[in-house]
Amino acid sequence: EFRRVLFRSVGNAGVNPAYGPMSAISDEAFDKTMSTNVKANHWLIQMVAPDMVERGGGSIMITSSVGAFAPSLVLGTYNISKLAVIGLVRNIAAELGPNGVRCNAICPGLIRTDFAEALWNNPEAEARAKNEIPLRRLGEAEDLMGLAVFLASDSSAYVTGQAINVCGGSYMWA
């Protein structure tokens with residue numbers, strides 16, 4: 001019995017060296033954000049796509065953020081970089097789709113990780129989560145696993161070019 005082997009790649013690059021208004025960000029911090037959050041994912045795709053095309057299919061997942069869907073007075077450059085990631089994903093989906101390669105963005109909301117600790121480890125954030133997020137809690141890293149498994153599997157064979165939110169409902173209209 002023939003069994004198709006699906007090739008997968010997950011890009012999870014992300015930095016945010018600047019917290020504050022974009023008008024005050026240094027060129028160095030801006031370049032680091034764009035280089036890590038966008039260019040590193042572009043490089044990853046360039047590395048894995050040829051093998052996927054040669055084998056007739058695959059699934060690429062890149063981590064973006066719900067921050068891509070809104071302006072921010074303190075995370076503007078980060079949010080712009082994550083919107084650029086969605087643009088990258090959609091363009092790659094269009095380019096590689098005819099070769100059976102799918103590409104999607106996973107857009108987490110506020111997830112309780114070391115990376116986002118400054119955003120969630122304070123009483124105001126906990127209160128916002130309990131009052132404003134429809135599921136009334138912050139996300140956990142485990143909340144992303146099911147979507148990643150789905151996108152890596154043949155169950156998502158007709159899903160490409162999408163930016164899928166995992167945010168407890170906080171960005172359900174984005």
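All values below were derived from every heavy atom in this structure, side-chain atoms included, with hydrogens, water molecules and symmetry-related copies excluded. For this chain, numbers begin at 1 and follow the sequence in order.
Around CD of Gln46, the count of heavy atoms belonging to other residues, nucleotides or ligands within 6.0 Å exceeds 12.
The main-chain N or O of Met61 is never found under 3.5 Å from a side-chain atom of Arg102 such that the two would form a donor-acceptor pair. Side-chain atoms of Asn165 come within 3.5 Å of backbone atoms of Tyr171 as a donor-acceptor pair (strictly under, hydrogens ignored). Counting only distance, with no hydrogens or angles, the side chain of Asn104 and the backbone of Ala163 share no donor-acceptor pair below 3.5 Å. Side chain of Thr36 to main chain of Thr33: no donor-acceptor pair is present (N/O by atom type, distance under 3.5 Å, no hydrogens or angles).
In terms of heavy atoms, Ile80 sits closest to Met34 at CG2-CE, 3.4 Å. Contact between Ser26 and Ala29 at its shortest, heavy atoms only, is OG-N, 3.0 Å. Scanning all heavy atoms of the two residues, the minimum distance from Phe30 to Ile25 falls at N-CD1, 3.7 Å. Residues Ile106 and Val166 approach most closely at CG2-CG2, 4.3 Å, considering heavy atoms. For the residue pair Gly76 and Met22, the shortest heavy atom distance occurs at C-SD, 3.7 Å.
At least one side-chain heavy atom of Met52 sits less than 4.5 Å from a side-chain heavy atom of Ile60. For the pair Thr63 and Pro108, the minimum side-chain heavy-atom distance is below 4.5 Å. Taking 4.5 Å as the limit, every side-chain heavy atom of Ile45 sits out of range of all side-chain heavy atoms of His42.
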Between Phe150 and Val159, does the side chain to side chain contact (heavy atoms under 4.5 Å, CB included) criterion hold? Intermediate values first, please. CA-CA 10 Å; Phe150 170 70; Val159 179; 4.2 Å; yes

Between side-chain atoms of residues 83-94 and protein atoms elsewhere (two or more places apart, or another chain), which donor-acceptor pairs fall under 3.5 Å?
| residue | atom | partner | partner atom | Å |
| --- | --- | --- | --- | --- |
| Arg90 | NE | Gly161 | O | 3.2 |
| Asn91 | ND2 | Glu95 | OE2 | 2.8 |

Side-chain donor-acceptor pairs under 3.5 Å in residues 64-72, sequence neighbours left out?
| residue | atom | partner | partner atom | Å |
| --- | --- | --- | --- | --- |
| Ser64 | OG | Lys82 | O | 2.8 |
| Ser65 | OG | Gly67 | N | 2.9 |
| Ser72 | OG | Val74 | N | 3.1 |
| Ser72 | OG | Leu75 | N | 2.8 |

Counting only pairs under 3.5 Å, give me each side-chain donor-acceptor contact of residues 134-146, with atom names and distances, residues two or more places apart or in other chains.
| residue | atom | partner | partner atom | Å |
| --- | --- | --- | --- | --- |
| Arg136 | NE | Lys130 | O | 3.2 |
| Arg136 | NH1 | Asn131 | O | 3.4 |
| Arg136 | NH1 | Ile133 | O | 2.9 |
| Arg137 | NH1 | Asp143 | OD2 | 2.9 |
| Arg137 | NH2 | Asp143 | OD1 | 3.2 |
| Arg137 | NH2 | Asp143 | OD2 | 3.4 |
| Glu140 | OE2 | Arg112 | NE | 2.9 |
| Asp143 | OD2 | Glu140 | N | 2.7 |

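For Ser170, there are no side-chain hydrogen bond (donor to acceptor under 3.5 Å, both in side chains) partners at least two apart in sequence or on another chain. Take Thr160 and apply the side-chain hydrogen bond (donor to acceptor under 3.5 Å, both in side chains) test, not counting sequence neighbours, and it matches no residue. Residues forming a side-chain contact (heavy atoms from CB on, under 4.5 Å) with Ser35 (at least two apart in sequence, or on another chain): Lys39.
The CD atom of Gln162 sits 11.0 Å away from the SG atom of Cys103 when rounded to the nearest 0.5 Å.
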